[in-house]
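To start, the structure under review is shown below, and the notes come after it.
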8 protein chains.
Amino acid sequence: MKPLVSIIMGSTSDLPIMEEAAKILNQFKIPFEINALSAHRTPQQAVDFSKNALSRGVKVIIAGAGGAAHLPGVISALSPLPVIGVPIKASISLDGWDSILSILQMPPGIPVATVGLNGAQNAGILAAQILAVGDNQILETVKAFKAGLEKKIVAANEELSKIKYEFKVN
Amino acid sequence: MKPLVSIIMGSTSDLPIMEEAAKILNQFKIPFEINALSAHRTPQQAVDFSKNALSRGVKVIIAGAGGAAHLPGVISALSPLPVIGVPIKASISLDGWDSILSILQMPPGIPVATVGLNGAQNAGILAAQILAVGDNQILETVKAFKAGLEKKIVAANEELSKIKYEFKVN
Amino acid sequence: MKPLVSIIMGSTSDLPIMEEAAKILNQFKIPFEINALSAHRTPQQAVDFSKNALSRGVKVIIAGAGGAAHLPGVISALSPLPVIGVPIKASISLDGWDSILSILQMPPGIPVATVGLNGAQNAGILAAQILAVGDNQILETVKAFKAGLEKKIVAANEELSKIKYEFKVN
Amino acid sequence: MKPLVSIIMGSTSDLPIMEEAAKILNQFKIPFEINALSAHRTPQQAVDFSKNALSRGVKVIIAGAGGAAHLPGVISALSPLPVIGVPIKASISLDGWDSILSILQMPPGIPVATVGLNGAQNAGILAAQILAVGDNQILETVKAFKAGLEKKIVAANEELSKIKYEFKVN
Amino acid sequence: MKPLVSIIMGSTSDLPIMEEAAKILNQFKIPFEINALSAHRTPQQAVDFSKNALSRGVKVIIAGAGGAAHLPGVISALSPLPVIGVPIKASISLDGWDSILSILQMPPGIPVATVGLNGAQNAGILAAQILAVGDNQILETVKAFKAGLEKKIVAANEELSKIKYEFKVN
Amino acid sequence: MKPLVSIIMGSTSDLPIMEEAAKILNQFKIPFEINALSAHRTPQQAVDFSKNALSRGVKVIIAGAGGAAHLPGVISALSPLPVIGVPIKASISLDGWDSILSILQMPPGIPVATVGLNGAQNAGILAAQILAVGDNQILETVKAFKAGLEKKIVAANEELSKIKYEFKVN
Amino acid sequence: MKPLVSIIMGSTSDLPIMEEAAKILNQFKIPFEINALSAHRTPQQAVDFSKNALSRGVKVIIAGAGGAAHLPGVISALSPLPVIGVPIKASISLDGWDSILSILQMPPGIPVATVGLNGAQNAGILAAQILAVGDNQILETVKAFKAGLEKKIVAANEELSKIKYEFKVN
Amino acid sequence: MKPLVSIIMGSTSDLPIMEEAAKILNQFKIPFEINALSAHRTPQQAVDFSKNALSRGVKVIIAGAGGAAHLPGVISALSPLPVIGVPIKASISLDGWDSILSILQMPPGIPVATVGLNGAQNAGILAAQILAVGDNQILETVKAFKAGLEKKIVAANEELSKIKYEFKVN
């Protein structure tokens, strides 16, 4: 099955963060591919990737990078597809502020849909929500997932209600 | 024609920023609606809006807010639709850092596709890119727009090349 | 005994921080309840909680959350009760700046009484001070607590005075 | 009528900000007093004020200050009353970050209920909410105020709905 | 005369800042060219420019950009020449922090020689210092310029010494 | 009369800020001198100044600078005299954060007594307090000045007490 | 021997930082005292201490505190003596930014001589430099200490010169 | 062989960071020297070093420092050579922001070519790029190094392509 979502990262050291996007897409049964591609170290591949993604059938791109994180913006400049940017708090990164700002603050005309620091899972969910715009089955998956979020906190709350503080039960 | 994009803002004082989203959607010939809705001042309307947007035919929501900007996140919590958040540097806002962080840093499960500070135009373009996932006509519009970006800078560059500095032309 | 203070948190992972509020209320013999409730994952419960707290006899709400921390503000929007917000430096949080700003910078009309980062103990004390406005017994408890603060530092100082540096006693 | 709320400010240059607290209390028909008092320039008066406020019948203190803003914390150290702190972006202030942090980050035992930068109106509302804990008439006032917030945004929205964009009405 | 330094900027709106680099190179009699080139709006030109600069005889590249400023880094990725980056506090820029961090924090292997915010004059001087490594005439120019810096402040100091304060001359 | 305090600044453009130090010293009748001296543009003079200040009879040095503000630290490295640093929010400065951090964060062994941003008046007062350690007349001047601070705020408060709010006087 | 320097700290947990001031004063053979005193928990003692320090023969006060660090400023408000403030990165502190800003940004009239984060050793050296204004023996100690700084780095450099890199010695 | 690059650091504790510059120069077969030199602790040596570096045959200086990092700027003030500054996140440093700002924000006339936090490897590469302006053999080395960057990420990508996610291969 052709990948609908292409997950790319600036360095394979970002994999522990970025695979959260893969896991959620896997759980949602949305076909994806995952690759390392650097705006700086493999610029030509980044250009080729960006120009060909649409014709290869990719619908959404998720790009994660740390430090001066140019990858999401560079891809957005070269492809008409929606690009989701994941700022990564990598060892090179200044507590993540550098990746957040260099992904978020794109100039007019070249948007990047930025998620929170290390927010690869949310990037995967957002990709599903975007695909759901043209796919009712994925829409149902998203709706079911959202309903499930509630269950977890309700269950947790039951645990919480068992905690007793000395005075509480008077 | 039913709106495909719903633009909402936390306060009508945000209109000068948020109408940039409306203008670009208008230019792209994508039907939209525009409303003020506050997560804090009209919480019930915000809930109703979020729950009904999908069934009303809305495909993408653009939400802008300043300060402790909860609107995009609250809507994302209540709707399966993709939500684009626009942080606004309003008078209440601490140079925009508060709106950026309170829109961007959403918890796992509830993504907001955040654009740059006051980036309503990019929010409109991103909405078009998302719609283009299921609509080839919009995809062609997006591609044409991207091609146009280049022309402007090429023209500007021609202007630039006419500037002469004393030594430059030896 | 009906709870006068309701402690809520965005996630049960915030319990180690938030139970400091419970402990101090317990020490002050003020009845309280403690629950997890998410502005994002259980939005309807958050709405119901906020609307019913007053009629259930709750007088003060303490709400803690990390990251894009919307819980205290959302509750304040829906209840006339005073809401104390506790910014939490959780793993999702950008060193706590995001939770501080998204709790503190509320728009006009919907205040949140914000305490310092991870300041749940201070939230509990503040709740007691608020209750003391209409309850002389709690006022006496608060006054006794404040007097006790001094004793601890005086005792610590006695320890300190025993430290000898080589030259000090010449 | 004896003041229930005491508004104090570090410098009379803070009056344009702090009088927003006075205005809302006035609108709520809650008696208040307003004074300038500096933790640094009139330390003895600040001590005397803090020690006597409770016995003078004051129930809530609102203290605003800019820069290294010590006034709210110093008062909280000396009085059992709830103290609401208003960080002020004054000319001496480093974009307001200094006043926010020096009011918010109080040590355990001495809470200050901090509101947003220049948030004196919210401080006034919060004071009313605190008084409402022991006063049903003020509670009704607060509830009516909250209901009124909604009306303003609904009215604004009607204005907004009259804006026509070229394509919007097809 | 072939340009030794190529000044590029992300947008012609950056010209008032970037022409300070041109002016100092002009004063140093170092041939240069000046162009607008966007990593995002004209990505192919940016690639072509970077790949051809060396063979066209350019020795140093000065690149300025604001916001999520990718231009200097993208050029550095594609050219072996030293690239000087000028962060620009443009209207899109978040007080300049975004441009500073997205230029400075480059990953290992692709350095950008970053100067201070809006520091185009220093970029020009640095370019001259780099050229001076292989050109004694430029080295003499740089040395003369440095000597001249001192003269200005000595002259200013003479002005200063004429200011009289009331008590100063007793 | 020989100057006891030497006020230096990195650039004459800092004079409007730094003359506040001169004015207060003048008011305190403490002899001073005022000069421009740059750690970067006149390094040799800065070295000479630092090495000779003590033998010329100077007791305290006040040094102000903006941006990467090295002047106070460089002088402190070369003179045994106490050096007071004044961070200046100059046009080159990044909202003053750069000058604050590059003056304050000196390494072990070379202290700079840093005052607040643009805090030249406080630098002058601190210089007087330092001189007062060995001079009873200056000590009396400082004590009188401190007493005067209180009077201003008491007078201002009288003005404040004349403001009437509608409800206040019931 | 009467203490010339009084070291105070907001909490005994600050002792591991603040004793660096004691150690250097001890090394300099300057008599000192060391106490815990809280602007918030023992406000009356802080007032008494500040008012009596001068008459007890203290010449310089060193005050360290973390979080919303009011101690140095409160003491400066109440004593004519020079007060050196040490911002402490304590567990309550927001990476130290809160203590830096609430110590540094004092209003006009009440200076605090701030040293770098956790810079207690520098506070001790600065105290010695201040005492040296009226004491030639201490001046000689300071001069000897400064000379010693150089020796350490020269020795370290000799170690460094022994490191061989493969290519270095060709 | 005479060193072409001089690596200096403010303290030998910076060696683990700064030796990355040495390693890359070694790999590039560019002769270098490495020394500790402090703007503050050995000011005279810093002056002598700066004045003599050019005549000793040094072509590029790399200077690293943490905290209030004055070393790169002070050297740049005294030498016509290009100076590369490496901000270091040392224990004294405020998360590195202080070293970044005090190296980057140099005043007009005295540029420092700043690289990212702890970016000593990039400083070494940049030094090579600068030397390559006048040396074709080094230019070839730089070009080969850049080509090698790509290979590493291509190899890493092959590893990545072997990771299988459950759904991915359908």
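Values below: all heavy atoms of this structure, side chains included; hydrogens, waters and symmetry mates excluded. This structure is a prediction, so every number in the text was calculated from the model and none was measured. In what follows, every chain begins at residue 1, and chains take the letters A, B, ... in the order their sequences are listed.
Looking only at heavy-atom pairs under 4.5 Å with chain B, the residue among Ile103(C), Val112(C), Asp98(C) that has the most is Asp98(C). With respect to chain B, the highest number of heavy-atom pairs below 4.5 Å among Gly109(C), Gly10(C), Gly73(C) belongs to Gly73(C).
Across all non-hydrogen atoms, the minimal contact from Ala77(C) to Pro43(B) is O-CG, 4.0 Å. Heavy atoms only, all atoms of each residue included: Leu101(C) and Ala68(B) are closest at O-CB, 3.9 Å.
Looking at Ala46(B), there are no atoms closer than 4.5 Å to chain C (heavy atoms on both sides), in backbone or side chain. Neither the backbone nor the side chain of Ala65(C) comes within contact range of chain B; no heavy atom of the residue lies under 4.5 Å from a heavy atom of that chain. Of the two parts of Leu94(B), the backbone and the side chain both hold a non-hydrogen atom closer than 4.5 Å to a non-hydrogen atom of chain C.
Between Pro107(C) and Arg41(B) there is a side-chain heavy-atom pair separated by less than 4.5 Å.
Within a 6.0 Å radius of CD in Gln137(C), no more than 12 heavy atoms belonging to other residues, nucleotides or ligands are found.
In this structure a side-chain-to-backbone donor-acceptor pair under 3.5 Å is present from His70(B) to Ser102(C).
In this structure, His40(B) NE2 and Leu78(C) CG are separated by 9.5 Å, a value rounded to the nearest 0.5 Å.
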